[in-house]
Undergrad: 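First, the structure itself, so that you have it in front of you.
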Amino acid sequence: MSARLGFSVNALLPRARTGGALKMGLYALPEEEWLQADADLAMRAAAFDAHPDSVQMTDATRPAGDELATMMGVAGGLEGAARSAWEDMCLLAPSAGQDVYRLIGAAVAFPTDWHPGDKIGLPLTALHAPIHGYEQQLASGVDHFMAKLKPGRIFGRCNWFVAPTPAFRWIEAEPPDLAFAHVTPENAGDTLFIRCERQTLRRLPATGAILFTIGVHVCALGELTGDNLQRMAHAVSTIPAEEARRRGAAYFAPQLASYAERHG
């Protein structure tokens, strides 16, 4: 039986949003489909060692991080847990006497164009501020879901990005006009990369913190199945204009569409 939410770009894309309004797109997952089984832990360790600022903690991190590490059978709190799996791990919890969930800890070896140090301590709406439409379309639904999430339940979702690099750690240093300048309709299959984040949410039973995991999967555009290639072409052409600007779509969408038309 296939996983409800797979562990590769080709498995994830059919579950991802294809354009239009933002949506949570959650899938209930069994325990055995929570995290990826075959993780390259050496790559994870190298990323954490090279970027110590990938781990950010607040005063509230330790109890939840220790609970998470114990649950996973490792030592080292939040960082130890994140080093023991393919997934990056973030902890969310409300401040005392408040209902607003904040990022209280993050261990992120493979960020998708964000720095954990810039986000630590922020509430959910501020965390998602760069995403156009989040506050209007998703914020209330996400807040309600977080408040009602019960221990023992696991939910997953996925998203997609078009990147100019296959690197798992992607923090863009160049504006999109330069980052995608080398991409042409002829070479797009080898120079554009589809990046999916397989995200899961579950509540830790003792501390009540919510664990948010992010498993990054990357493949070249030319490695997509025919259906997924057309799915990506449709998704890129139907995302709202504000989101397209944020993603720099003007600098890769025409090449992607031309490639998909010729190889679909």
Side-chain angles (χ1 to χ4, degrees), residues 6-13 16-19 36 38-55 82-83 85-90 106-119 130-131 158-199 213-225 228-229 231-237 239 243-260 262-263:
F7 294 92
S8 70
V9 172
N10 274 310
L12 290 167
L13 278 179
R17 166 179 168 242
T18 57
Q36 183 172 332
D38 52 338
D40 187 341
L41 298 185
M43 183 189 295
R44 299 277 296 163
F48 279 121
D49 291 345
H51 303 278
D53 59 345
S54 295
V55 180
R83 283 176 176 261
W86 180 249
E87 288 78 6
D88 289 326
M89 298 189 177
C90 298
V108 183
F110 303 145
T112 299
D113 206 21
W114 66 289
H115 294 275
D118 295 339
K119 304 289 189 178
I131 301 176
C158 60
N159 58 20
W160 58 265
F161 303 87
V162 178
T165 172
F168 285 97
R169 180 182 176 85
W170 178 36
I171 297 181
E172 192 56 73
E174 297 180 315
D177 59 329
L178 296 180
F180 293 100
H182 62 294
V183 180
T184 68
E186 291 71 32
N187 70 17
D190 298 316
T191 58
L192 288 179
F193 298 88
I194 307 306
R195 180 184 182 93
C196 284
E197 291 181 332
R198 183 187 190 273
Q199 304 170 349
T213 73
I214 311 164
V216 172
H217 302 273
V218 183
C219 79
L221 182 70
E223 296 173 359
L224 295 183
T225 65
N228 277 338
L229 181 58
R231 186 173 283 112
M232 279 304 309
H234 175 72
V236 168
S237 69
I239 55 176
E243 184 178 353
R245 283 194 289 272
R246 179 176 63 84
R247 292 174 179 258
Y251 303 101
F252 63 75
Q255 300 96 307
L256 191 155
S258 177
Y259 181 88
R262 289 184 290 112
H263 293 85

Undergrad: So, do Cys158 and Gln199 sit near enough that their side-chain heavy atoms are less than 4.5 Å apart?
TA: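 They are not in contact (no side-chain heavy atoms under 4.5 Å apart), so the answer is no.
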Undergrad: Report yes if the side chains of Trp114 and Val108 come closer than 4.5 Å at any heavy-atom pair, otherwise no.
TA: yes
Undergrad: Using the test ring-ring contact (aromatic ring centres under 6.0 Å, His included), find all partners of His263 that sit at least two apart in sequence or belong to another chain.
TA: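 Expected list: Tyr259.
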Undergrad: To the closest 0.5 Å, what do you measure between CG (Leu192) and NE2 (His182)?
TA: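 So the gap between those two atoms works out to 7.0 Å.
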Undergrad: How close do Ala250 and Pro254 get, heavy atom to heavy atom, and via which atoms?
TA: O-CD, 3.5 Å
Undergrad: Closest approach of Ala109 and Arg44, non-hydrogen atoms and distance?
TA: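 Nearest pair, atom of Ala109 first, then Arg44: CB-NH1, 3.5 Å.
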Undergrad: Donor-acceptor pair, distance only, cut-off 3.5 Å: does the side chain of Arg262 make one with the backbone of Pro185?
TA: yes
Undergrad: Could you measure the distance from the CZ atom of Arg195 to the CG atom of Leu12? Nearest 0.5 Å is fine.
TA: 13.0 Å
Undergrad: Mind checking what makes ring-ring contact (aromatic ring centres under 6.0 Å, His included) contact with Phe110, not counting sequence neighbours?
TA: Trp86, Phe168
Undergrad: Taking all non-hydrogen atoms of both residues, which atom of Pro164 and which atom of Phe193 are closest, and how far apart?
TA: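 Of all heavy-atom pairs spanning Pro164 and Phe193, the closest is C-CD1, 3.9 Å.
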Undergrad: Keeping the roles fixed (side chain from Asn187, backbone from Thr184), state whether a donor-acceptor pair exists under 3.5 Å.
TA: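 Yes.
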Undergrad: Do Ser54 and Arg169 come close enough that some side-chain heavy atom pair is under 4.5 Å?
TA: yes
Undergrad: For the backbone of Val9 and the side chain of His217, can you confirm whether one donor and one acceptor N or O come within less than 3.5 Å of each other?
TA: no
Undergrad: Looking at every non-hydrogen atom in both residues, tell me the closest pair between Ala233 and Ala260 and how far apart they are.
TA: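 Here Ala233 and Ala260 meet closest at CB-CB, 3.8 Å.
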Undergrad: Does any non-hydrogen side-chain atom of Gln36 lie less than 4.5 Å from one of Arg198?
TA: no
Undergrad: Identify the two heavy atoms, one from Phe7 and one from Ala11, that lie closest to each other, and give their separation to 0.1 Å.
TA: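 Heavy atoms of Phe7 and Ala11 come nearest at N-CB, 4.2 Å.
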Undergrad: Going by heavy atoms in the side chains, are Ile194 and Val162 under 4.5 Å from each other?
TA: yes
Undergrad: How long is the gap from CZ on Arg83 to CG on Leu41, to the nearest 0.5 Å?
TA: 10.5 Å
Undergrad: Could you grab the distance from atom NE2 of His234 to atom CG of Leu229, nearest 0.5 Å is fine?
TA: 13.5 Å
Undergrad: What are the two closest heavy atoms between Pro111 and Asp88, and how far apart are they?
TA: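 Closest approach of Pro111 to Asp88: N-OD2, 4.3 Å.
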Undergrad: Mark yes when over 12 heavy atoms from residues, nucleotides or ligands other than Phe161 sit less than 6.0 Å from its CZ; otherwise mark no.
TA: yes
Undergrad: Within the structure provided, determine whether Trp160 and Val236 are in side-chain contact (heavy-atom separation under 4.5 Å).
TA: yes
Undergrad: Let me confirm one number: the SG-CG distance from Cys196 to Leu13, rounded to the nearest 0.5 Å.
TA: 4.0 Å
Undergrad: Between Gln255 (side chain only) and Val183 (backbone N and O only), is there a donor and an acceptor less than 3.5 Å apart?
TA: yes
Undergrad: To the nearest 0.5 Å, what is the distance between CZ on Phe180 and OG1 on Thr165?
TA: 10.0 Å
